[in-house]
Protein chains: 2
Amino acid sequence: MIRLRKDAEVTLFPSHAQKPADFQHWLGSLRGRFEDYLTKQGLNLTKQRETILHCLTEADQHLTAEQIYDQVKKKDASIGRATVFRTIKLLQECGLVDEIASLRGSAKFELKADRPHHDHMICVECGRILEFQSPMMEKFQDEAIRKQGFTALWHRHEIFGRCKLCQKQRS
Amino acid sequence: MIRLRKDAEVTLFPSHAQKPADFQHWLGSLRGRFEDYLTKQGLNLTKQRETILHCLTEADQHLTAEQIYDQVKKKDASIGRATVFRTIKLLQECGLVDEIASLRGSAKFELKADRPHHDHMICVECGRILEFQSPMMEKFQDEAIRKQGFTALWHRHEIFGRCKLCQKQRS
DNA sequence: TCAATAATGATACTCAATCTCAATTTCAAT
DNA sequence: ATTGAAATTGAGATTGAGTATCATTATTGA
Ligand SMILES: [Mn+2]
Ligand SMILES: [Mn+2]
Ligand SMILES: [Zn+2]
Ligand SMILES: [Zn+2]
């Protein structure tokens with residue numbers, strides 16, 4: 001028998017925007033983690049890769065690769081699209097970036113870094129992405145995985161619908 | 001306080017294959033539901049649309065649009081690809097078909113019809129899709145939705161990893 | 001230094017899905 | 001049955017995100 005308090009279960013994340021107080025130190029530690037991963041793979045932390053990571057740390061929302069590319073170009077116009085895609089993939093591999101499926105079209109990305117795991121509600125009207133977290137949901141998910149004898153690598157739980165604001169505008 | 005039995009929580013679906021005993025009657029009822037929806041939209045149930053629905057009822061697994069198209073061509077080689085895509089979309093709109101994201105490449109579809117809602121584990125090795133259901137997971141999901149003031153239209157919960165069989169082959 | 005390897009950017013390409021459009025079919029009202 | 005409007009179709013063009021290619025440049029470590 002599992003007992004649980006209903007109200008302690010679900011956490012909403014206020015926003016994606018709040019940055020660590022010591023931004024420079026944070027950025028440095030992320031750069032270090034990226035470099036460690038790259039070194040382990042026999043790769044180098046180039047200035048292009050640094051720039052792309054830097055842009056992601058400055059983002060205050062989930063961005064498409066194209067949006068990331070736009071930001072990157074502001075810092076260094078010579079960086080190519082292919083490098084942005086390649087670097088996003090590397091950042092995903094080393095666990096610094098997560099992918100969120102958008103409704104259609106291009107995928108969106110967010111800096112995972114040290115943020116706790118969470119899932120997403122996606123407004124089909126305005127594209128706004130809301131974040132939530134429910135440890136109990138994860139618990140039952142683990143139970144399903146265990147029962148199935150599956151080995152989970154990652155998961156996506158995305159709820160599509162209309163956000164509070166878009167509902168108001170409708171009524 | 002919510003109380004629940006741990007073992008009663010997660011249901012695995014044995015397979016996608018079991019068909020209703022009275023297949024013809026079932027097919028007829030689905031055709032009726034499709035026709036009702038189409039009529040309501042001022043559209044017609046054409047022989048092409050019927051053929052595509054028929055192929056979906058015969059499928060015993062999740063299929064890509066291209067795979068559905070291949071099946072359709074066996075029944076009527078004159079049917080075009082565009083019509084298959086268009087019809088799948090109509091079937092989704094009227095709730096008879098669900099889309100499952102595959103790892104990469106094309107989406108997969110399954111006949112929803114009267115099957116209970118369930119989510120999916122997707123093997124990144126062999127592409128096998130396993131189905132599971134957890135009412136409690138849905139309950140906490142609803143709680144998150146309520147707290148956020150969101151109106152959910154649909155959701156996708158997909159777990160990527162390695163299935164039991166592919167793990168064996170590895171070891 | 002210098003050969004081996006990694007990385008880059010431009011661009012060509014892939015592939016699923018959608019769009020266009022002329023031709024055909026269906027519908028409903030006569 | 002006739003007929004004009006609307007729906008439907010299939011072929012092929014187009015889109016668009018993401019990837020592959022490749023010649024050039026940068027980095028590495030012996
Ligand atoms: Mn997020
Ligand atoms: Mn399924
Ligand atoms: Zn919204
Ligand atoms: Zn497998």
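Every chain is numbered from 1, with letters handed out A, B, ... down the list of sequences.
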d(A:Ser134 OG, B:Met136 CE) to nearest 0.5 Å is 9.0 Å
Between protein and nucleic acid, restricted to nucleotides 28-30 of chain D and to nitrogen or oxygen atoms under 3.5 Å apart, what atom pairs and distances do you find?
none

Distance under 6.0 Å and angle within 45° of the ring axis: does B:Lys73 meet both against B:Tyr69?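 The answer is yes, since B:Lys73 meets both limits relative to B:Tyr69.
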Is the side chain of [X] donor-acceptor paired with the backbone N or O of [Y] at a distance under 3.5 Å, no angle test?
| X | Y | value |
| --- | --- | --- |
| B:Thr87 | B:Val84 | no |
| B:Glu93 | B:Tyr37 | no |
| A:Arg49 | A:Asn44 | yes |

Nucleotide range of DNA chain C lying under 4.0 Å from chain B heavy atoms: C:dA16 to C:dC27
Mind listing the residues from residues 45-54 of chain A sitting with a heavy atom below 4.0 Å of DNA chain C? Number order is fine. A:Thr46, A:Gln48, A:Arg49
Does the pair A:Glu99 and A:His62 meet the rule for a side chain to side chain donor-acceptor pair (under 3.5 Å), with working shown? CA-CA 9 Å; A:Glu99 179 182 336; A:His62 303 79; over 6 Å; no
Once the angle between the rings of B:His54 and B:Phe23 is folded into 0 to 90°, is it parallel (under 30°), tilted (30 to 60°) or perpendicular (over 60°)? tilted
What's the verdict on side chain to side chain donor-acceptor pair (under 3.5 Å) for B:His155 and B:Gln141, showing C-alpha distance, side-chain angles and the deciding distance? CA-CA 10 Å; B:His155 74 270; B:Gln141 178 184 268; 3.3 Å; yes
Who pairs with A:Lys164 by salt bridge (charged side-chain N to carboxylate O under 4.0 Å, His left out), at least two apart in sequence or on another chain? none
Contacts of type salt bridge (charged side-chain N to carboxylate O under 4.0 Å, His left out), residue B:Arg31, not counting sequence neighbours: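 B:Glu50.
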Heavy-atom nearest nucleotide on DNA chain D taken for A:Glu66 and for B:Tyr69; more 5' hit belongs to B:Tyr69
On DNA chain D, check which nucleotide each of B:Thr83 and B:Gln41 is closest to and give me the residue with the more 5' one.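 The residue mapped nearer the 5' terminus is B:Gln41.
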How bent is the helix from C:dT1-D:dA30 to C:dT30-D:dA1, measuring the angle between the end axes built from five pairs each, rounded to 10°?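 Axis-to-axis angle, ends of the helix: 30°.
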Which sits closer to the 5' end of DNA chain C, B:Ala65 or A:Gly42, going by the nucleotide each is nearest to? A:Gly42
Take atom [atom1] of [X] and atom [atom2] of [N], then tell me their distance rounded to the nearest Å.
| X | N | atom1 | atom2 | result |
| --- | --- | --- | --- | --- |
| B:Phe85 | D:dT14 | CZ | P | 19 Å |
| A:Glu99 | D:dA17 | CD | C1' | 12 Å |
| A:Gln67 | D:dA17 | CD | C1' | 13 Å |
| A:Arg86 | D:dA20 | CZ | C1' | 10 Å |
| A:Asp70 | D:dA17 | CG | P | 12 Å |
| B:Arg81 | D:dG12 | CZ | P | 11 Å |

Show the numbers, then the answer: is there a salt bridge (charged side-chain N to carboxylate O under 4.0 Å, His left out) between B:Arg81 and B:Asp70? CA-CA 9 Å; B:Arg81 202 191 315 265; B:Asp70 289 342; over 6 Å; no
Run the salt bridge (charged side-chain N to carboxylate O under 4.0 Å, His left out) test on B:Asp114 and B:Arg33 for me, step by step, so that the C-alpha distance in whole Å, both residues' side-chain angles and the decisive distance to 0.1 Å come before the verdict. CA-CA 11 Å; B:Asp114 308 302; B:Arg33 284 167 66 179; 2.6 Å; yes
Assign B:Thr64 to base, sugar-phosphate, or nothing according to its heavy-atom contacts below 4.0 angstrom with the strands shown.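 Since no nucleic acid heavy atom lies under 4.0 Å of B:Thr64, the category is nothing.
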Test B:His117 against every option in B:Lys112, B:Gln133, B:Glu138 by the side chain to side chain donor-acceptor pair (under 3.5 Å) rule and name the one that passes.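 When B:Lys112, B:Gln133, B:Glu138 are each tested with B:His117, the side chain to side chain donor-acceptor pair (under 3.5 Å) holds only for B:Glu138.
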Kindly state whether the ring of B:His157 and the ring of B:His120 have centres lying under 6.0 angstrom apart. no
